[in-house]
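As structure tokens, the structure follows; a few thoughts come after it.
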Amino acid sequence: MAPEPIYLRRFSRTERALHWVHAAAFFVLLGSGLVLYLPSLAFVGNRPLVKSVHVDTAIAWAAALILVALLGDRAGLRRTLRELDAFDRDDRLWLRGIPVRQGRFNAGQKLNAALAAAFAALFAISGLLLWYGERNTRFRFAGTIVLHDGLMWISLVLLVGHLYLALIYPKTRHALRGMTHGSVRVDWAWVHHRKWVDELLPLEGSAGEGDLRQPAGAIDVEPPQ
Ligand code: HEM
Ligand code: HEM
């Protein structure tokens, strides 16, 4: 009989809630933004309605993110932020296509997280300027709409890549389990995030390179769900 797979906890409830709130709001903002941007989509609804959906979602998005962060596991979020922020020599090598071991997040994921955070801030600033600009000409700048639209196009490209890796590419799509159930199979993590597995599972014995050795002692392991 095949042994029961071991699962490692990858994302806490707070991290998953944050991700899905961000993703859901992003999709509504993207959809309503596209309707505002493309005249050919104007049939979807009257413009003032779509615009208020867009602006209200932006407000709900910011409020929900703050709420999840305040009510959730803040210490865990800070730890994850530090992990995303730490860019070491291995990350630089990995980006140059050299297959070195990666930690809990690989260099591409760290870049994706940094871009998602920077874009969220830039969307909010440019969106607020668009909104204030309608009420007060002092806040009206020619570049604001160019920035807001440009961010949308770049985000769209990043999102397609993100969705491909999360839903389609066979080698990486097991990651989706981490973002839905919270845990991933240890053998998958061993291949993609070996430094992370090494930190979680202190190894026993001296088995050769590439062997999956038995986890020692109390570890952050969940039963399969
Ligand atoms: C805090 C976040 C955001 C705020 C406050 C915000 C606010 C706004 C405002 C006030 C407008 C002007 C509506 C009009 O009069 O036509 C606008 C337009 C638009 N937004 Fe956003 N937005 C935000 C995020 C986003 C995101 C995440 C996307 C796409 C991924 C997006 C895409 C667009 C697009 C495409 C337009 C139409 C611009 C045009 O007419 O050329 N926005 N947004
Ligand atoms: C249906 C839509 C989405 C799916 C299925 C999805 C899936 C995932 C998965 C599986 C992960 C975990 C990867 C890992 O194991 O580390 C992840 C992480 C992440 N997602 Fe999403 N995601 C979606 C939408 C979005 C959107 C709209 C954004 C931002 C605009 C976003 C931003 C991120 C970021 C910043 C991370 C952490 C860094 C990374 O792993 O790249 N996701 N997503």
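Counting convention: from 1, in listed order, for ligands and their atoms alike. Along the sequence shown, the residues carry numbers beginning at 1.
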For this session: Check each heavy atom of W196 against ligand 2 and say whether those closer than 4.0 Å belong to the side chain, the backbone, both or neither.
Result: neither
Exercise. Judged by atom type as modelled, is there a donor-acceptor pair below 3.5 Å linking the side chain of W94 to the main-chain atoms of G108?
Worked result: no
Would you give me the side-chain donor-acceptor pairs under 3.5 Å for residues 149-160, sequence neighbours excluded?
residue : atom : partner : partner atom : Å
W153    : NE1  : Y37     : OH           : 3.4
S155    : OG   : L151    : O            : 2.6

Exercise. What protein heavy atom is closest to atom 27 (C) of ligand 2, reported as residue, atom name and distance in Å?
Worked result: L159 CD1, 3.5 Å
Problem set entry | Side chain, backbone, both or neither: I145 near ligand 1, heavy atoms under 4.0 Å | side chain
Seminar exercise, completed: Note: L84, heavy atoms under 4.0 Å from ligand 2, region reported as neither
For this session: May I ask you to test the F87-L95 pair for a side-chain heavy-atom distance under 4.5 Å?
Result: yes
For this session: Among all protein heavy atoms, pick the one closest to atom 38 (C) of ligand 1 and tell me residue, atom and distance.
Result: D149 OD1, 3.1 Å
Seminar exercise, completed: With a cut-off of 2.8 Å, strictly less than, protein N/O/S atoms near atom 21 (Fe) of ligand 1 add up to 2
For this session: Please state which part of F27 comes within less than 4.0 Å of ligand 2, counting heavy atoms only: side chain, backbone, both or neither.
Result: side chain
Problem set entry | Within 45° cone and under 6.0 Å: R10 NZ/CZ vs F105 ring | yes
Problem set entry | Under 3.5 Å: N/O of N112 near N/O of ligand 2 | yes
Exercise. What do you think, any protein heavy atom under 4.0 angstrom from atom 13 (C) of ligand 2?
Worked result: yes
For this session: For R47, take its heavy atoms, then give the atoms of ligand 1 lying under 4.0 Å from any of them.
Result: 14 (C), 16 (O)
Exercise. Taking the inter-plane angle between the rings of H193 and W188 on a 0 to 90° scale, is it parallel (under 30°), tilted (30 to 60°) or perpendicular (over 60°)?
Worked result: tilted
Exercise. Quick one: hydrophobic cluster around L71, which other residues, with the 4.5 Å side-chain cut-off, linked directly or via members?
Worked result: L67
Problem set entry | Region of V184 that comes within reach of ligand 2 [heavy atoms, distance under 4.0 Å] | neither
Problem set entry | Sum of protein N, O or S atoms, each under 2.8 Å from atom 21 (Fe) of ligand 2 | 2
Problem set entry | Interfacing atoms of ligand 1 (cut-off 4.0 Å, heavy-atom, F26) | 30 (C)
For this session: Give a yes/no verdict on whether any heavy atom in F119 is under 4.0 Å from an atom of ligand 1.
Result: no
Problem set entry | Heavy-atom nearest neighbour in the protein, as seen from atom 2 (C) of ligand 2, with distance rounded to 0.1 Å | L163 CD2, 3.3 Å
Problem set entry | Distance, nearest 0.5 Å, that separates NE2 of H192 from CZ of R185 | 9.0 Å
Exercise. Any Lys/Arg nitrogen of R194 or D90 sitting under 4.0 Å from an Asp/Glu carboxylate oxygen of the other?
Worked result: no
Problem set entry | L29 backbone acceptor or donor facing T57 side chain under 3.5 Å | no
